Amino acid sequence: MATFQTLPGFREFYPEDFARRNHVFRLWRQTANAFGFAEYDAPVLEPLDLYKAKSGDEIEAQLFSFTDKGGREVALRPEMTPTVCRLVGAKASALKRPIKWFSIAEFYRYERMQKGRGRCFSQFNADIFGEPGPEAEIELIALLVQCLCAFGLTEQDFYVRLSDRNLWFFYLEALGLDEPRIRAMLGAVDRHEKYGDEAFKVYGEQFGALDGGLKEKVLAFLRVKSLAELEQALAGIQPAGEEGSVGPKLVARLAEWKKLLGGLEAMGLARFVEVDLGVVRGLAYYTGFVFEAFDRKGELRALAGGGRYDDLVAKLGGPALPAVGFAIGDMTFALLLEQRGLMPKFVQVPDVYCVIGGEAERLAAFADIHTLRAAGFRVEYPMKELAFGKQFKAAAESGAKLALIYGGDELAKGVVKIRDLGQRTELEVGRAQVAATVREFFSGA
RNA sequence: GCGGUCAUAGCUCAGUUGGUUAGAGCACAAGAUUGUGAAUCUUGGGGUCGCGGGUUCGAGUCCCGUUGGCCGCCCCA
């Protein structure tokens, strides 16, 4: 048993694990490319203040942070958003709009592990900068859906819940709440799914008990599950001619909802998306539409989450720049794929396995082995001398399609015996024809 | 940060009310087998029973602590 243990919550990728991870990353990358997103990366270690500026001082408890040898307060990145805001903010005026970027990167959070959560994990991040309208959300939600569908997942397996912090803000404003009350109420809305009416307790402690009419209106809004219900709920709140200052904002917002849902429907994605105003997402930097993807069975943590954060680039020192983004975590996602039998088994299979008689034959084989490898074939051979019987067994077990046989007889005749391990047929070819014959076999296969 | 639960070979697990040198299957390796296939048989390597302490004539087994895994709470950017 090894003296040294892996640090808690960190992961090791043995070849089969690594193959699975590669598979996931490869399809994410391919999908993002299809949507015209450009890939970037950035440092793993960042100034601690970058995260404090975004999320507040409390965030430090959940970071891998320390003081470096130059006295700098630094942290391993727990997320990509502040970093990408800095990157984009620094060159905003030179970047062609819309700015569509993605990354696949590893992140670190000092947290207790749970199912689907560790201290290190990877995320696919995609963001659009410079587009204030719901066109950006359409593009991103479509990308999110496709990033899951690319693996064979369907609307039976997952769905995206769509909500809107702006809409809530305007609605609560129309109900007469001031900003502190609105923020507290959004906190209650966020917790309502889990705690029921208990969720309003904090609000009550802060601002006094909720009057029944208000609570009823909040609950009604929270239960909105479709555009039609939304229109109905809003119709009730803005009687014609009254509340003139709030009404137009809600009307304009409703138009954006129609645009967003209409766009997604036109893409054929309506079946993946559910209106659900019960989602507002924890941290307060989101400024508009927010969305989260969940498995349909509701057994797993959120698969992905995102939303609009129009103020963040400026807050982190860049120009005012509207932004929307989302992230998919790799851990919960891998669990879902395993659960649905959509994670392939990866075995490394050579194209060709060489069966080699002795030392002289080995040298002859080496010449062909290297030629074939240089041509892109995956070629294996036994590292040490083995009985022929063992070598044929090894060739069969390796999964190779072809065996090249370099025995004393063949060497003497200047030929190589090529055995089709699937068909169990053999033919002899001259040494000079080996590469061409192998190439022909695989181009036909 | 809090709670529950678990820890024996690379993996899955046995191991009796505490009793001699800790076992099996799988996997790995060698041989039977020096020119043809996933088989079979034989053999082998591999363990400070997570770590530390305690009780006892004696601890894998009981007690305490600790580390780590899993699950849940808080949190979830």
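Letters A, B, ... are given to chains in the order of the sequence lines, protein chains preceding strands, and every chain is numbered from 1. Being a predicted model, the structure only gives us computed values, none of them experimental.
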(message) When both hydrogen-bonding distances must be under 3.5 Å and the geometry is Watson-Crick or G-U wobble, what is B:rU42 paired with, if anything?
(response) B:rA30
(request) Report which part of the nucleic acid A:P8 touches: base, sugar-phosphate, or nothing (heavy-atom distance under 4.0 Å, all strands). (result) sugar-phosphate
(request) Compare the ring of A:F392 with the six-membered ring in the base of B:rG37 and state whether they stack (centres under 5.5 Å, planes under 30°). (result) no
(request) Please tell me which of A:E79 and A:K417 maps to the more 5' nucleotide of RNA chain B, matching each residue to the nucleotide holding its nearest heavy atom. (result) A:K417
(request) Tell me the partner of B:rC73, counting only Watson-Crick (N1-N3 plus N6-O4 or O6-N4) or G-U wobble (N1-O2 and O6-N3) with both under 3.5 Å; none if nothing fits. (result) B:rG1
(request) Name the nucleic acid region contacted by A:K384, choosing base, sugar-phosphate or nothing; use a 4.0 angstrom heavy-atom cut-off, strictly under. (result) sugar-phosphate
(request) Just name whichever nucleotide pairs with B:rU56, Watson-Crick or G-U, keeping both distances under 3.5 Å, else none. (result) none
(request) In whole angstrom, give the distance that lies between atom CD of A:E299 and atom P of B:rC71. (result) 13 Å
(request) Figure out the NZ/C1' separation between A:K390 and B:rA30, and round it to whole Å. (result) 8 Å
(message) Rounded to whole Å, how long is the line connecting atom NZ of A:K393 with atom P of B:rU33?
(response) 13 Å
(request) For A:E426, report the nucleic acid contact type (base, sugar-phosphate, nothing); a contact means any heavy atom under 4.0 Å. (result) base
(message) Less than 4.0 angstrom between a side-chain N/O of A:R301 and OP1 or OP2 of B:rC75, yes or no?
(response) no
(request) Check every strand shown and say whether A:R77 touches a base, only sugar-phosphate, or nothing at a heavy-atom separation below 4.0 Å. (result) nothing
(message) One thing to verify: whether A:R21 and A:E12 come together as a salt bridge, which I'm taking to mean a side-chain N less than 4.0 angstrom from a carboxylate O.
(response) no
(message) Rounded to whole Å, how long is the line connecting atom CG of A:L303 with atom P of B:rA77?
(response) 14 Å
